[in-house]
Amino acid sequence: ETGVTQTPRHLVMGMTNKKSLKCEQHLGHNAMYWYKQSAKKPLELMFVYNFKEQTENNSVPSRFSPECPNSSHLFLHLHTLQPEDSALYLCASSQDPRTDYGYTFGSGTRLTVV
Amino acid sequence: EDQVTQSPEALRLQEGESSSLNCSYTVSGLRGLFWYRQDPGKGPEFLFTLYSAGEEKEKERLKATLTKKESFLHITAPKPEDSATYLCAVPLGNTPLVFGKGTRLSVIA
């Protein structure tokens, strides 16, 4: 596989559930990102990892917990979410956070919290 | 305060009807302006990066231009397959890309 792969593509979870989103990149990039995309709002940066180290946490509630075990894999652990957390969650990667070559995005996970 | 603003929010064109999308930004020391295309249910797909005022880049029916305050994405003789949401983004300071809300383009046959 090439590019950035996200699983699952769709997820429905209750407010008391715990679930995880997975992202894998096969591009040899060193930086990975989580973005949230809600209707009528711009993409919101959530977390940045550079060489497996978290370099940015954009005031994200603690019910979202990222994990980056290596430069190719990124997880977003979810627990006790709220209905307003329903959105498209996008993973992206780049050579480094200051890259001038743009980011490569996955297809996203459509999350619905009920 | 919005630092990346796109207009219009939505645009409906007849096939072959050329038009332009706008992205204005308020940032000093621009390190690049990025255009992406996003199809429904998919992640954004990279189109162009522009670095300095006066620069232009083209890809098929799309042409992106940059001034000191804004960028335009010109669409010449669009086809229905050009229908998508077009996003622009800039890096602000040392932060990663900040995106505008996008322009939703519909091209009708």
Side-chain angles (χ1 to χ4, degrees), chain A residues 2-11 21 23-25 27 29-50 54-59 74 87-112, chain B residues 1-10 21-27 29-52 55 57 59 62 64 66 71 73 84-104:
Chain A
T2 59
V4 178
T5 303
Q6 290 188 242
T7 54
R9 290 296 312 275
H10 301 274
L11 178 62
L21 310 185
C23 176
E24 185 174 0
Q25 59 100 357
L27 300 167
H29 289 165
N30 297 310
M32 296 186 77
Y33 315 82
W34 281 115
Y35 278 87
K36 175 183 178 182
Q37 188 174 35
S38 306
K40 304 287 186 179
K41 296 175 84 172
L43 272 75
E44 301 171 59
L45 179 67
M46 300 176 72
F47 300 104
V48 181
Y49 277 83
N50 189 28
Q54 187 180 129
T55 58
E56 198 148 338
N57 174 341
N58 212 25
S59 302
L74 184 65
L88 181 67
Y89 288 85
L90 290 162
C91 173
S93 71
S94 67
Q95 191 58 42
D96 63 69
R98 289 179 58 90
T99 184
D100 290 339
Y101 297 103
Y103 300 169
T104 302
F105 283 86
S107 294
T109 294
R110 172 67 64 185
L111 174 67
T112 303
Chain B
E1 177 187 347
D2 286 341
Q3 291 160 309
V4 182
T5 305
Q6 291 189 247
S7 62
E9 184 175 321
L21 314 182
N22 176 268
C23 173
S24 62
Y25 58 91
T26 53
V27 60
L30 185 70
R31 290 190 290 110
L33 185 140
F34 299 78
W35 281 101
Y36 285 84
R37 168 189 170 132
Q38 186 174 22
D39 292 301
K42 295 188 175 181
E45 176 187 346
F46 174 73
L47 291 174
F48 306 108
T49 308
L50 303 166
Y51 296 104
S52 55
E55 187 175 0
K57 288 192 177 174
K59 181 179 181 178
L62 301 176
L66 183 66
S71 176
L73 185 65
T85 296
Y86 291 86
L87 303 169
C88 75
V90 296
L92 299 178
N94 290 319
T95 64
L97 294 182
V98 174
F99 285 80
K101 292 182 180 181
T103 294
R104 190 171 63 255

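A, B, ... follow the sequence lines: proteins, then strands. Residue 1 opens every chain. All values below were derived from every heavy atom in this structure, side-chain atoms included, with hydrogens, water molecules and symmetry-related copies excluded. On a predicted model such as this, the values are computed, not experimentally measured, just so you know.
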Proximal component of A/L43, with respect to chain B [non-hydrogen, under 4.5 Å]: both
Under 4.5 Å from any heavy atom of chain B - which part of A/Q37: side chain
Polar side-chain atom of A/Y33 near backbone of B/L97 as donor-acceptor pair, under 3.5 Å: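 Looks like no, no N/O pair under 3.5 Å.
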Contact class of B/Q38 relative to chain A, heavy atoms under 4.5 angstrom: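 Just its side chain gets close to chain A.
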Min side-chain heavy-atom separation A/P42-B/V98 under 4.5 Å: no
Within 6.0 angstrom of A/K41 NZ, more than 12 heavy atoms from elsewhere: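 Incorrect, the count does not exceed 12.
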Minimum-distance pair of heavy atoms, taken over all atoms of B/P44 and A/L90: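 Looking at all heavy atoms of both residues, the closest pair is CD-CD1, 3.8 Å.
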Rounded distance [0.5 Å steps], OH in B/Y36 versus CZ in A/F105: 5.0 Å
Spatial distance of atom OG1 (A/T104) from atom CD (B/E45) [nearest 0.5 Å]: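 Between atom OG1 of A/T104 and atom CD of B/E45 there are 10.0 Å.
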